[in-house]
Amino acid sequence: MATGTEPPATEPRPESGGVRGAARAAIAAPHLRTDRWWLAPAGTAAGLLAFIVYSTWRAFANTDYYAAPYVSPFYSPCLAENCEPMRSGPNWEIFGSWWGISPAIIILIFPLGFRLTCYYYRKAYYRGFWASPPACAVAEPHKKYTGETRFPLILQNIHRYFFYAALVVAGILTYDTVLAFRDETYAWGHMGLGTLVFLVNIVLIWAYTISCHSCRHIVGGKLKHFSRHPVRYRMWQWAGKLNARHMQLAWASLVSVALADFYVYLVASGAFDDPRFF
């Protein structure tokens, strides 16, 4: 019986392999979308690339990351002996004098690992950098699909463990935000523009962290009867509402943490004086 999917004899069959294999509908066109579908993956790739370039520069700079009372979130907690002294700050000299490069390299692996394995960011860079797939209803160029079953993508399964580390990092950044209510002489009861920057950043960091799919599962997963666990059920609902905005929170927190670091850089380098509200 004719199905209408066979091409005319004079029309060449699309190239074999992947989604254009012989078992698929024989459509010569690579896709049937007429909108500018490429804008989304291109914009995503550009945004992520900009953050990668900026964070790499700041992580290896090893300078201008502390201006009392502010410490860059890229360098907190500072775990090396070569850290700048921060009064009451997150100075924990776990790594001794043998560590000669930037201390940011030690700590950034945890928040970056959390974001790299995040469900949303997987979608973002799979589409933006690997075109896997580039967009909905647009075939990917790869002839073989293995998902996340092989190395290195199978390591995405450790996302839940990076979530626990992200909770610790968020707690430390919260402590840094509390310390931001001091002035340059470490006197309490003061608030500058940097304090406001840190407040916005930590709210977005926590919102993004709690909206994580792993958090939602930890809170309400494996429950057979929500009625028997009203507290967990309410927390699961709250996490679910945040989870619906996970993409927006992922981008907002990515921008805010970069801006918080850049603000500290401006103040520490002397390019900008921190305005004081009180």
Side-chain angles (χ1 to χ4, degrees), residues 40-41 43-44 47-48 51 55 73-74 76-77 90 107-130 132-133 135-137 145-178 197-260:
T44 298
L48 292 177
F51 180 81
S55 60
F74 287 1
S76 182
I107 193 62
L108 278 181
I109 187 175
F110 298 106
L112 288 181
F114 177 57
R115 289 181 183 267
L116 281 173
T117 58
C118 166
Y119 293 138
Y120 166 70
Y121 281 114
R122 295 187 209 179
K123 168 190 170 183
Y125 62 77
Y126 285 177
R127 290 188 172 190
F129 293 109
W130 295 342
S132 182
C136 293
Y145 176 77
T146 58
E148 297 175 342
T149 62
R150 295 182 179 181
F151 183 84
L153 296 185
I154 196 172
L155 297 178
Q156 303 283 27
N157 292 323
I158 64 177
H159 176 61
R160 70 191 70 180
Y161 303 108
F162 274 119
F163 168 73
Y164 299 133
L167 288 178
V168 176
V169 173
I172 294 171
L173 295 183
T174 303
Y175 174 72
D176 294 341
T177 304
V178 173
V197 171
F198 273 52
L199 280 172
V200 172
N201 178 57
I202 196 57
V203 168
L204 290 174
I205 289 292
W206 274 114
Y208 166 65
T209 304
I210 297 175
S211 69
C212 171
H213 298 74
S214 293
C215 178
R216 191 167 182 261
H217 176 75
I218 291 170
V219 170
K222 296 184 178 181
L223 291 181
K224 295 182 178 180
H225 305 283
F226 277 127
S227 59
R228 297 180 183 178
H229 305 273
V231 175
R232 290 185 64 183
Y233 176 56
R234 181 60 60 86
M235 294 173 64
W236 178 80
Q237 286 181 312
W238 290 340
K241 291 180 180 179
L242 284 174
N243 183 259
R245 300 287 183 268
H246 195 50
M247 179 185 72
Q248 293 87 342
L249 291 171
W251 279 105
S253 60
L254 193 72
V255 172
S256 71
V257 73
L259 288 177

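Residues Phe51 and Ala258 approach most closely at CE1-CB, 4.0 Å, considering heavy atoms. Taking every heavy atom of both residues into account, Tyr126 and Leu153 meet most closely at OH-CD2, 3.6 Å. For the residue pair Val219 and Leu223, the shortest heavy atom distance occurs at O-CD1, 4.4 Å. Summarising the geometry of Leu204 relative to Ser256, their closest heavy-atom pair is CD1-CB, 3.6 Å, with the distance given to 0.1 Å. Of all the heavy atoms in Gln156 and Leu116, the pair that sits closest is OE1-O, 3.6 Å.
Under the 4.5 Å side-chain criterion, counting only non-hydrogen atoms from C-beta, Ile107 is not in contact with Ser76. Taking the side chain as every heavy atom from C-beta outward, Val257 and Phe74 approach each other to under 4.5 Å. In this structure the side chain of Tyr120 never reaches within 4.5 angstrom of the side chain of Asn243, judged on heavy atoms. At least one side-chain heavy atom of Arg127 sits under 4.5 Å from a side-chain heavy atom of Cys136. Side-chain contact check for Asp176 versus Pro73: every heavy-atom pair is 4.5 Å or farther apart. Here the side chains of Thr209 and Phe114 are in contact, with some heavy-atom distance below 4.5 Å. Ile218 has its side chain within reach of Phe163: a pair of non-hydrogen atoms, C-beta onward, lies under 4.5 Å apart. Side-chain contact between Leu48 and Leu254 is present, with heavy atoms from C-beta onward closer than 4.5 Å.
Atom CD of Gln237 sits about 10.0 Å away from atom CZ of Arg216, to the nearest 0.5 Å. One distance of note links OG1 of Thr117 with CG of Leu112; it measures 10.5 Å at 0.5 Å rounding. To the nearest 0.5 Å, the span separating CD1 on Ile202 from OG1 on Thr177 amounts to 4.5 Å. Atoms SG and CE, on Cys118 and Met247 in that order, are 11.5 Å from each other to the nearest 0.5 Å.
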Might you work through the side-chain contact (heavy atoms from CB on, under 4.5 Å) test for Tyr125 and Arg122, ending with a clear yes or no? CA-CA 6 Å; Tyr125 62 77; Arg122 295 187 209 179; 4.1 Å; yes

Steps toward side-chain contact (heavy atoms from CB on, under 4.5 Å) verdict (Trp206, Leu167): CA-CA 8 Å; Trp206 274 114; Leu167 288 178; 3.8 Å; yes

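Under the 6.0 Å distance and 45° angle rule, Arg115 counts as a cation-pi partner of Tyr208.
Between His159 and Tyr119, the ring planes are tilted. Angles from 30° to 60° get that label.
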